[in-house]
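Comments concern the structure below.
Heavy-atom basis, side chains included; hydrogens, waters and symmetry copies ignored. We count ligands from 1, going down the list as the structure has it; atoms in each ligand are counted the same way.
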Amino acid sequence: MVHIHWYPGHMAKTRRIIKENLKLVDLVLEIIDARAPKSTHIPDIFELIGSKKLILIMNKADLADEKTTKLWKNYFAEKGLDSVSVNSRNKAGFKELDEIMQDFSKQTKRPLRGIVVGVPNVGKSSFINQIVGKKAAKTGNKPGITRGKMWLKAGDKLELLDTPGILWPKIEQESIGLKLAFLGCIKEELLDAERISLKLIEFLVKKHPERLAARYKIETPQSPVAILEQIAKSRGFIISGGRPDTLRAAKTLLKEFQDGKLGRISLEEPAEDDELILE
Ligand SMILES: Nc1nc2c(ncn2[C@@H]2O[C@H](COP(=O)(O)OP(=O)(O)OP(=O)(O)O)[C@@H](O)[C@H]2O)c(=O)[nH]1
Ligand SMILES: [Mg+2]
């Protein structure tokens, strides 16, 4: 099991901020990672936002398998939920989001007010920067960078509140915890990088052995531990006594996976598991 100790104080504060600001907003933009739309989704979002309009933003779509992202879009549509796939680095997909918001804004006679929520590191700040059109919110590749709160103007039709990432209380399934770890949504200090990377290797061997082999110039029909050692050796990560530095290899693999260096890879498909609690 992935043992993660969340920060209950910080989390309760985030939830309180969101609840306090909900009465001010017309819609909630939940940023999720397109590579794992289920696992990066806040499980009890509706408990938190009540009947506010929700739009699911599948961010980092450039790193996910395109076909799988389409399956997710259909899946959400079947549940009656609006979703868009976007890339917050180059603004791809933002036009479709604009259209959804235009449609929705016909109901109000003033600029829409929205709130952006999501688990750590899914790209909330990057998304806001793109939609606001200038470097407004701080971004970084480590979870938990955003702290305070602020309202930002996104053109004359929308105003957004940036919030810290929500940390949710329990990861009830090990697979969800693992995917969050693979995607960098959990603070590195809280993780056993080697153990997580062995799980990632298991997944890659099953689904994309050729990519693992090609990137690290290794043979894949081996145990995950042997593969991790091979990665260390092929990168020249050696510690005293000539032993492979598997911790460094583990961190490298995780980082490179997160950055899409192994290609576009989705971690889950809607058909695999229908336990997504969206209603
Ligand atoms: N490839 C790709 N990378 C992205 C995208 N959006 C964000 N990133 C990267 O993901 C990392 C995290 O982005 P942030 O915008 O800081 O994420 P956040 O959700 O605000 O993170 P916290 O505030 O720490 O919870 C950064 O390295 C971004 O450059 C995207 O659409 N595609
Ligand atoms: Mg942020």
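- Using a 4.0 Å cut-off between charged side-chain N and carboxylate O, D33 and R35 make a salt bridge.
- Ligand 1 places these atoms under 4.0 Å from at least one heavy atom of S88: 6 (N), 30 (C), 31 (O).
- Considering each of N59, D62, L183, the one bringing a non-hydrogen atom nearest atom 1 (N) of ligand 1 is D62.
- Proximity annotation for atom 4 (C) of ligand 1: of K91, Q130, R89, K124, R89 comes nearest, heavy atoms only.
- Inclusion of N121 in the first shell of the Mg ion (ligand 2) is not supported: no N, O or S atom falls under 2.8 Å.
- Scanning all heavy atoms of the two residues, the minimum distance from N121 to L183 falls at ND2-O, 3.5 Å.
- Pairing each heavy atom of L63 with each of D259, the nearest pair is CD2-O, 4.0 Å.
- Polar contact with ligand 1: present for G123 (N/O pair, distance under 3.5 Å).
- Salt bridge E174/K199: absent, no basic N to carboxylate O contact under 4.0 Å.
- Both the backbone and the side chain of N87 come within 4.0 Å of ligand 1, judged by heavy-atom distances.
- Atom-to-atom distance recorded for K19:NZ and I49:CD1 is 11.5 Å, nearest 0.5 angstrom.
- Using a 4.0 Å cut-off to heavy atoms of S125, the atoms of ligand 1 that qualify are 15 (O), 18 (P), 20 (O).
- Looking at N90, N121, D33 and measuring to atom 21 (O) of ligand 1, the nearest heavy atom belongs to N121.
- Contacts between L63 and ligand 1 below 4.0 angstrom, taking non-hydrogen atoms only, involve the side chain exclusively.
- Short contacts between ligand 1 and P120, defined as distances under 4.0 Å to a heavy atom of the residue, involve ligand atoms 25 (O).
- Atom CD of Q222 has more than 12 heavy atoms from other residues, nucleotides or ligands within 6.0 Å.
- Using a cutoff of 4.0 Å between basic side-chain nitrogens and carboxylate oxygens, R110 and D26 are scored as salt-bridged.
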